[in-house]
Novice: 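Quick one: structure below, then a few questions.
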Amino acid sequence: MKPRIISASRRTDIPAFYGTWLLNRLRAGWALTYNPFNRRPMTVSLRPEDVAGIVLWSKNFGPFLTHAEEIRERGFNCFFLFTITGLPRLLEPHTPPVKEAVAAFRTLARRFSPHHLVWRYDPILLSPLTDPAYHLRTFDHLCRQLGGYTFRCYVSFLDFYPKVRRRLERLSRTAGLELLAEPLPETKLELLRKLTEMAAGHNIEVRVCSEDFPPEAGLKKARCIDPELLAPLFGLDPALYPPKPTRPGCGCHESVDIGMYETCPHLCEYCYANTSPQRVLSAYRQHEPTAPALVEPGSSASPFPR
């Protein structure tokens, strides 16, 4: 059996909140995950010889820095997708301050290498509070902070899933945040071109995630799980990992995700992975770091709707 690329995780923030659990599962050599649609369990081998690499997604790698050292010492290849947006607290109430996130980013780049990190500026959410000028200022500041510590940035616009739209409409009523409609393609394209030019000045290549533009637009497509990017770092064969998109426009290749929805206490207002803050916080309180899965489906904190 070919070694797998492990995604940890696009469904929740394992490094920020469940790093001890991940380390325990790597020590044990296996983890239990559940299909989010049919609830079927799957045992995933986490023995070093069965893992080509671990792609770690987070908005806060600070609590994970010591775990990352042990994971590497155990012979696992690590790759980091680090989201830093600088969005207002109204939208991201529990992410670390930008200064702390940047410090953790730089620490990881020094301990591993700038090639082991991709900065995610995601999502781009347009509103009177966060208009294009806001994003240009914020992105410029972050480029200045992260230049030399990474060579690639993935960007994408907010997807207005029904549950996200309902949450933002509620926020609009309670906090007066008037959201714009989904941006027109030409609005997206103009902003993306400016971001791309800005990042290039810091030797950072911008790639666009889950957005389709014609080839003449000159924008490169992001692949968050990218075997060709991992190959020179980990010595894997990219041909073994075919494309396996998770949504329209997604460029990801094959991986196994060991996270679970409804378990991320960041509680960002635009999050597609959570529907109920109460369910998330219940799951977090009942999480057992020594358990095979993040949360057992039969528990009162199950991430699966009853």
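In this chain, residues are counted from 1 in sequence order.
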Novice: Looking only at heavy atoms, what is the nearest atom pair of L233 and H115, with distance?
Specialist: CD1-O, 3.5 Å
Novice: Nearest 0.5 Å, please: how far is CD in Q286 from OG1 in T263?
Specialist: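 Answer rounded to 0.5 Å: 13.0 Å.
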Novice: Parallel, tilted or perpendicular: which fits the ring planes of F17 and Y284, with parallel below 30° and perpendicular above 60°?
Specialist: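 Perpendicular: the ring planes of F17 and Y284 meet at over 60°.
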Novice: Answer yes or no: is there an ion pair linking E169 with R173, defined by an N-O contact shorter than 4.0 Å?
Specialist: no
Novice: Is R72 salt-bridged to E69, cutoff N-O under 4.0 Å?
Specialist: yes
Novice: Report yes if the side chains of Y121 and T138 come closer than 4.5 Å at any heavy-atom pair, otherwise no.
Specialist: yes
Novice: Within the side chain of K221, is there an N or O that forms a donor-acceptor pair under 3.5 Å with the backbone of G249?
Specialist: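 Yes: the side chain of K221 pairs with the backbone of G249.
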Novice: Indicate the atoms forming the closest heavy-atom contact of C224 with C209, along with that distance.
Specialist: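 Heavy atoms of C224 and C209 come nearest at SG-SG, 4.0 Å.
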Novice: Regarding E262 and S276, is there a side-chain donor-to-acceptor distance under 3.5 Å anywhere?
Specialist: no
Novice: Taking T196 for the side chain and L192 for the main chain, is one N or O donor matched with an acceptor at less than 3.5 Å?
Specialist: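 Checking the backbone N and O of L192 against the side chain of T196, a donor-acceptor pair under 3.5 Å is found.
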Novice: Mind checking whether F112 and F80 have parallel, tilted or perpendicular rings, split at 30° and 60°?
Specialist: perpendicular
Novice: Could you check whether atom CZ of R110 has more than 12 heavy atoms from other residues, nucleotides or ligands sitting under 6.0 Å from it?
Specialist: yes
Novice: Would you say CD of E197 has more than 12 non-hydrogen atoms from neighbouring residues, nucleotides or ligands within 6.0 angstrom?
Specialist: no
Novice: Side chains of E190 and P132: closer than 4.5 Å at any heavy-atom pair?
Specialist: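 Of all side-chain heavy-atom pairs linking P132 with E190, none is under 4.5 Å.
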Novice: Can you tell which of K244, R223, R4, K2 makes a salt bridge (Lys or Arg N to Asp or Glu O under 4.0 Å) with E254?
Specialist: K2
Novice: Of K59, E100, H266, R89, which is the lone residue that meets side-chain hydrogen bond (donor to acceptor under 3.5 Å, both in side chains) with T95?
Specialist: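 That would be R89; it is the only one of K59, E100, H266, R89 passing the side-chain hydrogen bond (donor to acceptor under 3.5 Å, both in side chains) with T95.
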Novice: In Å, rounded to the nearest 0.5 Å, how long is the span from SG of C264 to CH2 of W57?
Specialist: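 Reported to 0.5 Å precision, the distance equals 13.0 Å.
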Novice: Do the non-hydrogen side-chain atoms of L294 and H287 ever get within less than 4.5 Å of each other?
Specialist: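 They are in contact (side-chain heavy atoms under 4.5 Å apart), so the answer is yes.
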Novice: Return the minimal non-hydrogen interatomic distance between G259 and T12, and the atom names on each side.
Specialist: CA-CG2, 4.2 Å
Novice: Within the distance-only criterion (no hydrogens, no angle test), does the side chain of S9 pair as donor or acceptor with the backbone N or O of I14 below 3.5 angstrom?
Specialist: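 Checked: no pair found.
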Novice: Can you tell me if R167 uses its side chain to pair, donor with acceptor, with the backbone of C271 under 3.5 Å?
Specialist: yes
Novice: Does some side-chain heavy atom of V55 sit less than 4.5 Å from a side-chain heavy atom of L230?
Specialist: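 Result yes, sub-4.5 Å side-chain heavy-atom pair found.
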Novice: Inspect the contact between R27 and E70 and indicate whether a charged nitrogen and a carboxylate oxygen are less than 4.0 angstrom apart.
Specialist: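 Judged by the 4.0 Å cut-off on N to carboxylate O distance, E70 and R27 do form a salt bridge.
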Novice: Do D257 and T33 have side chains that approach each other closer than 4.5 Å (heavy atoms only, starting at C-beta)?
Specialist: no
Novice: Checking ring pair (Phe, Tyr, Trp, His ring centres under 6.0 Å) against W119, which of F61, Y154, F139 comes through?
Specialist: F139
Novice: Just wondering, more than 12 heavy atoms not from R74 lying within 6.0 Å of its CZ?
Specialist: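 For R74, atom CZ is crowded (more than 12 foreign heavy atoms under 6.0 Å).
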Novice: For side chain to side chain contact (heavy atoms under 4.5 Å, CB included), just list the numbers for L56 and I71, CA-CA rounded to whole Å, side-chain angles, deciding distance to a tenth of an Å, and then say yes or no.
Specialist: CA-CA 12 Å; L56 297 145; I71 290 171; 5.5 Å; no
Novice: Apply side chain to side chain donor-acceptor pair (under 3.5 Å) to the pair D122 and T83, showing each step before the final yes or no.
Specialist: CA-CA 7 Å; D122 170 34; T83 300; 5.5 Å; no
Novice: For the backbone of Y161 and the side chain of D159, can you confirm whether one donor and one acceptor N or O come within less than 3.5 Å of each other?
Specialist: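 No; judged by distance alone, with no hydrogens or angles, the pair does not exist.
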Novice: Any side-chain heavy atom of L171 within less than 4.5 Å of one from Y270?
Specialist: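 No; the side chains remain at least 4.5 Å from each other.
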Novice: Would Q145 and I84 count as a side chain to side chain contact (heavy atoms under 4.5 Å, CB included) if you check the C-alpha gap in whole Å, the side-chain angles of each, and the deciding distance to 0.1 Å?
Specialist: CA-CA 11 Å; Q145 298 296 309; I84 308 177; over 6 Å; no
Novice: Is a side-chain N or O of R25 found less than 3.5 angstrom from the main chain of W30, in a donor-acceptor match?
Specialist: yes
Novice: Where the side chain of D140 meets the backbone of M198, is there a donor-acceptor pair that is under 3.5 Å apart?
Specialist: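 Looks like no, no N/O pair under 3.5 Å.
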Novice: If you measure from NE2 on H116 to CZ on F151, what distance do you get to the nearest 0.5 Å?
Specialist: 12.0 Å
Novice: When rounded to the nearest 0.5 angstrom, what distance separates CG in L46 from CG in L23?
Specialist: 11.5 Å
Novice: Walk me through whether L136 and L195 qualify under side chain to side chain contact (heavy atoms under 4.5 Å, CB included).
Specialist: CA-CA 7 Å; L136 290 172; L195 297 178; 3.8 Å; yes
Novice: Considering all heavy atoms of both residues, which atom of N77 and which atom of A52 are nearest to each other, and what is their separation?
Specialist: ND2-O, 3.0 Å
Novice: Is there side-chain contact between R11 and M260, with at least one heavy-atom pair below 4.5 Å?
Specialist: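 Contact flag for R11/M260 side chains = no.
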Novice: Donor-acceptor pair, N24 side chain versus P289 backbone, under 3.5 Å?
Specialist: yes
Novice: Report yes if some heavy atom in the side chain of D226 is under 4.5 Å from a heavy atom in the side chain of R152; otherwise report no.
Specialist: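 Yes; the side chains approach each other to less than 4.5 Å.
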Novice: Which heavy atom in P227 sits nearest to a heavy atom in L236, and how many Å separate them?
Specialist: O-CD1, 3.6 Å
Novice: Does the separation of the ring centres of F105 and Y149 fall below 6.0 angstrom?
Specialist: no
Novice: For the side chain of H135 and the backbone of L125, is there at least one donor-acceptor N/O pair under 3.5 Å apart?
Specialist: yes
Novice: Can you give me the closest heavy-atom contact between A104 and G62, atom names plus distance?
Specialist: CB-N, 4.0 Å
Novice: Side chain of T107, backbone of A103: donor and acceptor closer than 3.5 Å?
Specialist: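 The answer is yes, because a donor-acceptor pair under 3.5 Å joins these two groups.
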